[in-house]
Amino acid sequence: MKHLTPDYIFETSWEVCNKVGGIYTVLSTRARTLQTKIGDHLFFIGPDIWQEHESPDFIDTDDCSDWVDYAQQHDGLSVRVGRWNVCGRPLVILVDFKPFLIEKNKIYGDYWQWFGVDSIQAYGDYDDSSMFGYAAGKVVESFVRFHKIGSKKIVAHFNEWMTAFGGLYIKHFMPNVATVFTTHATSIGRSIAGNHKPLYDYLTEYDGDGMARDLNMVAKHSVEKTAAHWADCFTTVSDITGRECAQLLDKPADIITPNGFEDDFVPKGVMFDAARKNAREKLRTVAEALLGYKLNDNVMFVSTSGRYEYKNKGIDVFVESLKLLSQRPLSREVVAFVLVPAWSNGARADLRDKLKRRTQQPLDNPFVTHNLVEPWNDRILNAIHWFHLTNRKEEPVKVIFVPTYLNGTDGIFNTAYYSLLVGFDLTAYPSYYEPWGYTPLESVAFGIPTITTDLSGFGQWASPMSVDIADGVGVVHRSDYNYHEVVAAVAGMMAEYANLSAVAQNKIRAKALALSQKALWKSFIEYYYQAYEIALKKVEK
């Protein structure tokens, strides 16, 4: 289908060259597909927070050096232009937003007068995020004026409330530039869910503004809601979050833009087999060193991962399901990994030393690979103990908590997340609040069957094609009040898979991989082209 195509796209996110969540994957994998349309007229804008330690994703170049000098001298912008070290290596602009912090009160006052954004109760990360968004808006303005491209079809795309100030800046100063604002998860919806309030059964009864006041979320909710209403095109990533936006932001999405991905990071053929073998050896080596004994040859490795949102990401369900799993008849030993970054301060010295020396001496605390700063306050570790998961050799199910980012330099695995993911047999992400859900999608891209819920955007998308784990993706029904049924269902699917023959498991792996191919950007990019067209046509009017 032919659409009104932008001549330039500027896309802003806190996660450009800064991997902290799933939006990084959305943008970095979509880049190559957009480049086939507009080439180097695609720019990503991210925060320059790398003064002390350079981002491993940023490649410094001399692109746009004339504009960089102009932006500094005429607009007071400290920017660096380079390439994002992902497939396609798109152009990226990193902007230092900190100089604007001294002006924040005046800026907040202006946004109150212009748009009614209520920043008076701002706290936490609101200041940094808002000033980054503001700086990103100025970047687009400066670039467009310097290159005299204001008559071109330009889209400025802003992701999440953290960049909302940028979209509003463009609306005020450059109304000829079409704005797209995408909320991947509403700030107030995430807060309702995280505060153990029933989000779904009572969604139609919630007033977003009232809940923002109750949960001390006024500033973030205000700027997000305002950006949604003022954007030329407002989008979100799934139908389930679309209903949330309509109720809590009083603004239905103009279009749903589901998250696709590119599978170029997945090795193929013999390279895949080698990568899987290496990953399994790494998992086994670390597990045996931590546990203090040899694992069975046919051990099954299971994992969950994501941000440390204990309830929202279903970490609570995952840990308790392991207890139920240990009480079921299993034909294989199971080792479950919880790959969730937490408050840690480096690799355990005793474990690192044991891995180096390959000694057999047992270690205290055979549950965690890195030092937790306050282990007594850690919910995952406390849950492991609460459910009496002992990690003794005679127990059929063991659990290992990896509380760090797997970036290849963690001190224990020294292996990047994807390079470790390929070694698992099964994954589970039984989320309560998950607007999309990249982790299960990445899992099936590696041919690893996964368990998710119908409260995730990915689960809802997959459920017409796959409901049971035998289909590649097990989708568990989850509501506000069926927690224990979800735990039982997840444990049941894990037990079912563990007891299958290797031949049967390979067939399921093939189904999982086939399903992932339906979520490639070549299929989902169409929704973004529609969003750009909606925004451009609105600007034309």
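Model, not experiment: these values are computed from the prediction.
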Does a side-chain N-to-carboxylate-O contact under 4.0 Å join Arg280 and Asp425?
yes
Please work out whether the ring planes of [X] and [Y] are parallel, tilted or perpendicular, with thresholds of 30° and 60°.
{"X": "Trp436", "Y": "Phe458", "value": "perpendicular"}
{"X": "Tyr418", "Y": "Phe265", "value": "parallel"}
{"X": "Phe524", "Y": "Trp521", "value": "perpendicular"}

Using a 3.5 Å distance criterion without hydrogens, assess whether the side chain of [X] forms a donor-acceptor pair with backbone atoms of [Y].
{"X": "Ser129", "Y": "Tyr126", "answer": "no"}
{"X": "His370", "Y": "Asp410", "answer": "yes"}
{"X": "Ser130", "Y": "Asp127", "answer": "no"}
{"X": "Ser431", "Y": "Glu434", "answer": "no"}
{"X": "Arg276", "Y": "Phe424", "answer": "yes"}
{"X": "Tyr497", "Y": "Ala470", "answer": "no"}
{"X": "Lys398", "Y": "Asn391", "answer": "no"}
{"X": "Lys393", "Y": "Lys294", "answer": "yes"}
{"X": "Thr241", "Y": "Val237", "answer": "no"}
{"X": "Asp378", "Y": "Leu381", "answer": "yes"}

Regarding [X] and [Y], do their side chains bring together a donor and an acceptor under 3.5 Å, going by distance alone?
{"X": "Ser456", "Y": "Thr453", "answer": "no"}
{"X": "Tyr432", "Y": "Glu309", "answer": "no"}
{"X": "Asp57", "Y": "Tyr24", "answer": "yes"}

Do other residues, nucleotides or ligands put more than 12 heavy atoms under 6.0 Å from Lys356 NZ?
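Counting neighbours around NZ of Lys356, 12 or fewer heavy atoms of other residues, nucleotides or ligands fall under 6.0 Å, so no.
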Quick one: closest heavy-atom pair of Gly82 and Thr61, and the distance?
CA-OG1, 3.4 Å
Residues Arg392, Glu395; criterion salt bridge (Lys or Arg N to Asp or Glu O under 4.0 Å); working and verdict:
CA-CA 5 Å; Arg392 290 196 299 264; Glu395 294 290 340; 3.5 Å; yes
Would Asp63 and Arg80 count as a salt bridge (Lys or Arg N to Asp or Glu O under 4.0 Å) if you check the C-alpha gap in whole Å, the side-chain angles of each, and the deciding distance to 0.1 Å?
CA-CA 9 Å; Asp63 290 283; Arg80 294 189 292 156; over 6 Å; no
side-chain contact (heavy atoms from CB on, under 4.5 Å) assessment of Ser191 paired with Leu215:
CA-CA 7 Å; Ser191 184; Leu215 298 172; 3.6 Å; yes
Tell me, with the steps shown, if Glu485 and Asn482 meet side-chain hydrogen bond (donor to acceptor under 3.5 Å, both in side chains).
CA-CA 5 Å; Glu485 288 84 354; Asn482 72 336; 5.1 Å; no
Carefully, step by step, assess Lys522 and Glu262 under the rule salt bridge (Lys or Arg N to Asp or Glu O under 4.0 Å).
CA-CA 9 Å; Lys522 66 182 180 182; Glu262 294 294 345; over 6 Å; no
Could you go through Lys220 and Glu224, starting from their C-alpha distance and side-chain angles, then the distance that decides it, and tell me whether this counts as salt bridge (Lys or Arg N to Asp or Glu O under 4.0 Å)?
CA-CA 6 Å; Lys220 293 179 181 180; Glu224 181 180 37; over 6 Å; no
